[in-house]
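To start, the structure itself, in structure tokens.
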Amino acid sequence: MALMIYNTLTRQTAPFEPLKPGEVSIYVCGPTVYADSHIGHAMSALVFDVVRRYFEWSGYRVRHVMNFTDVDDKIIRRANEQGRDPMELADSYATTFLEQLAALNILPATAYPRVSTTMPQIVAFIEGLIVKEAAYPAPNGDVYFSVRGDADYGKLSRRDIDDMRSGSRIAPGEDKDDPLDFALWKAAKPGEPAWDSPWGKGRPGWHIECSAMSLHELDAQIDIHGGGNDLIFPHHENEIAQTESLTGQSFAQVWMHNGMLQLAGEKMSKSLGNLVTIEEFLQHHSADVLRMLVLTSSYRAPLTYTADVVADTERKIERLMSALRPATGGLAEGAAADSLSVVVAKTRAAFRVAMDDDFNSAAALATLFELVRAINTSRDAGLSGATFEAGQATLRELAAVLGLRLEGAPVSQTAAAPFIELLIELRADLRLAKQWALADSVRNKLAALGVTLEDGPNGTTYEVKKLTNQAE
RNA sequence: GGCGACAUAGCCAAGUGGUAAGGCAGUGGUCUGCAAAACCGCGAUCCGCGGGUUCGAAUCCCGCUGUCGCCUCCA
């Protein structure tokens, strides 16, 4: 059973074959760090984290590169507004983003290159393009890529050069031979950070960084290049043009693009201002919630984000976690054990089939929910011991492939724990004495404080829900 | 205007030729002093609308309507 991946370049789903056996190279476009990152950025990182985890679980060695754009017009403008140094501002947002990725249980990439630290490779890349006559320096100190010189330009976004509206305009100060051409290098303007180059002081255009970083950190040819589908044009189109013009080889063999996160029916974006930052989200919800939200639908489709959906997602996680509660019975084998074992084996196979189908995480989750039911059923039947624990271990293992932690609030570490337990003891006495009104009153008042009591056959358990958000 | 996606039950959503996964919500039941949790049962005769191809279509083709993305910075 082969892993199938949808490739934007071919618009088809095809079996994945790595360029080098047993190894996968992935380059994912990261954010421009000029403001707080929002959960749309997190969605993209989560999608490719799942891809990465599934490859690793399947036995591949993964080389995973994510860049930071830390030299950019918006960074410079923002820094000037705030009277800060542009590089310091970018570094600060990049550091925060890395911390948030960790908080979201996203595995660290193999490398996080930045424009500012890749300058020699970028300059060399541009020089190479000029030598190949794919690019030309302009009198004003800019360097442009010759789009019309690139025969297959437009193959990723399926655009015809002559249909492009943007082709009709040249911005003030530009010095292009052709309006379609885009900047590889921009001559320095007063008050901007600038680097030395054969064409004078200046800084790179946006697209060249990813071509240079990918070549530098990975290889001329890579397996997968990823990013949001808003990057297909012009960013990824231009990356292909640059890299393939320089190397003469095809660049990424598979192009993967995630859909946009939709807030109130629109793409969440910094320029629209309709955003929920990662920080805001994590103040109210656990990392698993955002991940589950992403996993529930196809990574390629737009993701609906509303308060209702978030609330539903919280419940889904509780449902998954319900299977991780301890056994309550004392049966180690029998019919319950046998049927659980069957479901465990089925789940493992079905999970792989689902993920092999272009990382169909929604279908993969469905298999986990079936396992949850089987585990709970076996617990109700009194199963405990090795088979029961193996079922739970499988659930944890497969959930971890998706990056779900499935950790509850650390109840035992709550400062209130001894007092809650004391109340439960007292209430047990009240129940023995059939003092139902008082016993219910204790339960209701604790519930109002965020402590949920559940009376089971082997005593009362409790969960702390909202005493604190910091526990997340 | 050009290019590209998408439209499945109250909500989210999988499913790309063989007769509709899963979750949430709702609802009936088992269990419980009650409740909660868990478990069992119930929900689209139908997949935006209209045509067509096919023995057979949510799935393929054409048209229409609607939503979204890109064409300028964007995960």
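Per chain, numbering begins at 1; letters A, B, ... match sequence-line order. All of these numbers come straight from a predicted model, not from anything done at the bench.
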Rounded distance in Å between the [atom1] positions of [N] and [M]:
| N | M | atom1 | value |
| --- | --- | --- | --- |
| B:C11 | B:U53 | P | 34 Å |
| B:C12 | B:G4 | C1' | 25 Å |
| B:C47 | B:A20 | C1' | 8 Å |
| B:G43 | B:C64 | C1' | 31 Å |
| B:A14 | B:A7 | C1' | 15 Å |
| B:A9 | B:A13 | P | 11 Å |
| B:C6 | B:U16 | P | 12 Å |
| B:G56 | B:C24 | C1' | 34 Å |

Stacking check: are the rings of A:Trp436 and B:G33 less than 5.5 Å apart at their centres and under 30 degrees in tilt? yes
Can you tell me if A:Glu209 and A:Thr69 form a side-chain donor-acceptor pair at under 3.5 Å? yes
Would you mind checking if [Y] and [X] are paired as a salt bridge, meaning a charged N to carboxylate O distance below 4.0 Å?
| X | Y | value |
| --- | --- | --- |
| A:Asp440 | A:Arg443 | yes |
| A:Glu463 | A:Arg325 | yes |
| A:Asp49 | A:Arg291 | yes |
| A:Arg348 | A:Glu397 | yes |

Are [X] and [N] close enough that a side-chain N or O sits under 4.0 Å from OP1 or OP2?
| X | N | result |
| --- | --- | --- |
| A:Arg315 | B:A25 | yes |
| A:Lys267 | B:C70 | yes |
| A:Arg11 | B:U16 | no |
| A:Asn360 | B:A14 | no |

When you match A:Leu365 and A:Leu261 each to their closest nucleotide on RNA chain B, which lands nearer the 5' end? A:Leu365
Nearest-nucleotide 5' precedence on RNA chain B, A:Arg443 against A:Pro234: A:Arg443
Begin from the C-alpha positions of A:Thr460 and A:Asp455 and carry the test side chain to side chain donor-acceptor pair (under 3.5 Å) through to its verdict. CA-CA 4 Å; A:Thr460 299; A:Asp455 300 324; 2.8 Å; yes
Using whole Å, report how far CD of A:Glu318 lies from C1' of B:C24. 11 Å
Polar-atom pairs under 3.5 Å, protein N or O versus N or O of nucleotides 7-12 of chain B: list them with distances, or write none.
none

Quick one: the side chain of A:Asp380 and the base of B:C31, do they pair up donor-acceptor inside 3.5 Å? no
OG1 of A:Thr328 to CG of A:Asp380, rounded to nearest 0.5 Å, is 7.0 Å
